[in-house]
Structures are given as C-alpha cells and as structure tokens.
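Numbering of residues begins at 1 and proceeds along the displayed sequence. Keep in mind it's a predicted model, so treat the numbers as computed, not measured. We count ligands from 1, going down the list as the structure has it; atoms in each ligand are counted the same way. Side chains included, hydrogens not; waters and symmetry mates left out as well; all remaining heavy atoms used.
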Amino acid sequence: MREGSYSWSTQSHTAFDTTIVLIDTDEGITGVGECCPLGPTYLPAYAHGVRAGISQLAPHLMGHDPTHLDHINGVMDTQLKGHPYVKSAIDMACWDLLGKAASLPLYILLGGKLQKEVTLYKVVTRADPAAMAERIPEYRDQGFRQFQVKVGEDPATDIIRIHRVAQEMEAGEVLNADANTGWKQHEALQVADAITDLGKQTGIRLTFEQPCLSYHECLAVRQHTDLPFVLDECIDSIGALLQAHHDHAMDMINLKISRFGGLTRARQARDLCVSLGLPMNVEDSWGGEITTAAIAHLAHSTPPAFQFQSSAFHEYATTQIATGAPSVHNGTMTASDAPGLGVEPILDALELTAEFA
Ligand code: MG
C-alpha cells in the first residue's frame, strides 16, 4: 500500500492478495480478469478461495465460446453453487475477449460512453482524527472533491474523526462516512445524531454508509436519520437490492463487481438501479489495474446522474500488475479506448499458480 496500510472499521491490512485469470482462445486472443477480496474477513470471499474455485470451474469451461457471456455464466452456476466472487474474474476475462473479438472497448459493449470522465472518490483511511484531517488538503491538491472517510471503530472517536475531517473540507465537497458494518445499532444511532446538522452547518454533502452488519440493523438506523444513506456490504444480490428498494432502505448503493459475480451480473444490477432511479458507487472490493479498468468501463457506460463515484484502486497499490490502466486526472479517471478492458498484464509481476488446458 502506498500509504503503508489500509484501515477500515476494526480492520487494517498492509497488502492484498489478488488473482489474475488469463483465458487463451483457439483464435489466438487472450482475455484477462482479476478478483481481489479485501482480505479474508471483509466479505465472504478470500484470495485462496478465488483460486480454489477457479480450479473447480476451469475444466468445465474448456471448449465453450467465451464471448457467449450468459452461456458461460450458466455453466459456472451449474458447476458451482454460489461463490460469485470466484466467477467474477472469469466473467471479466470473457468480457475482455468479447471486446477484443469485436475490436471495441468494453464501455461500448456495456451500453455506450455516457460520460467522458468517471468521478472518483479518495479513501481517507482510518487513523487518528488529526491525521485523517491532514490528508484532505493533500488529496484536494490532487483534484479530489469526494472523500470516503473510514470510521466504524469506536463511535466516540468516530464522531471526532468526522468533525475533524469536515473542518478541512469545503462547501460542496462530499464526506461519505463509511463504517463498513462496524457499529452496533445503538452506536450508529449515536454517530448519526452527532453529525446530523454538519451538512447544514458547513455545506458539505454528507452521506452515511453501511453502519451495521445486518440489513435489518441498517434499516432501523435509516428509519431514525435524515442523512443520505448508502448500503454496501448487504447488497449482495438482485433479491437484496429489490428488498431494500421496496423498504426505502437507502438512497444509493455500492455496486461491487465481484460481489455480484462479474460484469455480466453487475451490469444487470446497474441497469436495474437506473430503472429504479437509484444512484450508485460503481466499484469492486479491491484490485489493481485490471479491476480498475473493469470499474471504469462499467462507470463510463452508466448515466452520469446514476454514477455517484468510483475508485481507482491501482492508485493505492505499490505493485503494478498491468499496463493500460485508466488514466487518473483531477479526481477523475478515463478508461483506455483499446479493445476489451484495454489492459495488458505484466506477467513478470505475477506468480503462476495453476494452468488448465
Ligand atoms: Mg463501503
């Protein structure tokens, strides 16, 4: 990690284990995908699980046409129940192949380039309140105006964290207080109550993200606050999304590609959110250049009013795993116009763990 560590809720990591999938075809085209869980204790996903699941699935996919995405997803769902994150890197590599076969960048195949630049947020990793606040001018100098402030640890300290960061922010900027499931319900209510007037006092655009672990705890907190509310970790399926929309449980969601099982299913959820009138943070759990390219293509092809913010994860990493990543400029990113994802893996940076033929 460029900043040494990445800390959210009660967790902290200095590095993440990512898995890259390369799919070679008899036409000589290679597709590339990536899945990087945020360590083993964030979501029900872990790096060794990605590789074990791919070993399970890969022999069943040999001989199938990778450009028939719904067919490929059907085969994967028949051969392995659940485990969407395992399927994500394979699905992503098949989309890359489809783009290369069609000589089109993925944003066109995903719906067209609906926005030239993708708005990014910058994570303010959890630390002492003063240290977090100090980051804001530095990130603003890089062009960021939207900040995801990591809280979800001790609620009293979290209230100080949010207020200290807010002091450094300017009217119109976004302060997204993301607890990543870390608070108990009563703690989330305390924090929401303590920051409820901050937006009115400062002109900062406050949002409150996934305060508690379960959907029902989040819903209870939502029903007692006027803060714009984001659901992230508990939106793990179309069913969960529809239930939450029915319950008026959020104003926005975090759409993470690997949590839905890849670009095929994430696009389905994205299109449903647009139809429901629900804006999104288009992103993934974590990743390098390849995941970031997938995020950028999905975000480019999302109507601007519905793509609130995204993340350029490769900007946080010290190891480069591919060339051709989205370019980051002034708090935005732009995907490559090359066919597919537009990235080329750096094979020397990768360790070969399994091969199927
Ligand atoms: Mg989040």
Side-chain angles (χ1 to χ4, degrees), residues 1 5-13 16 35-45 84-85 88 118-127 132 139 144 146-153 155 158 161-162 165 174-184 187-188 191-192 195 205-215 217-219 221-222 225 227-237 240-241 244 249-260 266 269-270 273 278-287 291-292 295 298-299 302 306-313 315-316:
M1 305 294 308
S5 64
Y6 183 65
S7 306
W8 71 95
S9 184
T10 55
Q11 305 191 37
S12 187
H13 290 262
F16 295 106
C35 178
C36 184
L38 197 63
T41 54
Y42 170 59
L43 291 173
Y85 69 105
S88 185
V118 171
T119 301
L120 296 174
Y121 66 85
K122 187 73 178 179
V123 171
V124 183
T125 190
R126 179 178 52 71
M132 292 174 76
Y139 295 154
F144 291 97
Q146 306 196 185
F147 306 99
Q148 189 181 83
V149 178
K150 290 300 189 188
V151 285
E153 190 201 32
D158 287 334
R161 286 183 171 111
I162 296 166
V165 169
V174 172
L175 192 167
N176 174 210
D178 185 6
N180 286 107
T181 76
W183 293 317
K184 295 290 175 278
E187 295 172 331
V191 178
I195 65 169
R205 298 155 67 195
L206 263 186
T207 57
F208 202 62
E209 180 167 325
Q210 187 84 29
C212 304
L213 183 61
S214 76
Y215 171 67
E217 290 167 297
C218 289
L219 181 60
V221 174
R222 153 77 165 180
T225 177
L227 292 167
F229 211 85
V230 187
L231 286 180
D232 179 354
E233 285 84 356
C234 65
I235 302 295
D236 57 2
S237 65
L241 172 58
M250 71 295 190
D251 303 291
M252 216 181 306
I253 68 155
N254 261 18
L255 176 62
K256 290 184 169 161
I257 293 169
S258 60
R259 198 166 58 216
F260 273 83
R270 185 275 308 268
C273 283
L278 195 57
M280 290 155 276
N281 301 326
V282 178
E283 52 170 312
D284 207 333
S285 299
W286 201 258
T291 295
T292 303
I295 293 167
L298 189 61
T302 302
F306 289 91
Q307 185 261 330
F308 186 67
Q309 55 187 7
S310 295
S311 190
F313 289 121
E315 291 280 289
Y316 297 83

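The two residues Pro228 and Asp251 have their closest heavy-atom pair at CA-OD2, 3.4 Å. Between Leu231 and Cys218, the shortest heavy-atom distance links the atoms CD2-CB, 3.8 Å.
Asp178 contributes atom OD2 as its closest N/O/S atom to the Mg ion (ligand 1). Checked against the Mg ion (ligand 1), the N, O or S atom of Asp232 at the shortest distance is OD2. In terms of distance to the Mg ion (ligand 1), the nearest N, O or S atom of Glu209 is named OE2.
Distance check for Glu233 against the Mg ion (ligand 1): none of its N/O/S atoms falls below 2.8 Å.
Atoms CZ and CD, from Phe308 and Gln146 in turn, are 5.0 Å apart once rounded to the nearest 0.5 Å.
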- Given the rule in the ring-ring contact (aromatic ring centres under 6.0 Å, His included) test, do Trp286 and Tyr42 qualify, once you have shown the distances and angles that lead to the verdict? CA-CA 11 Å; Trp286 201 258; Tyr42 170 59; 9.8 Å; no

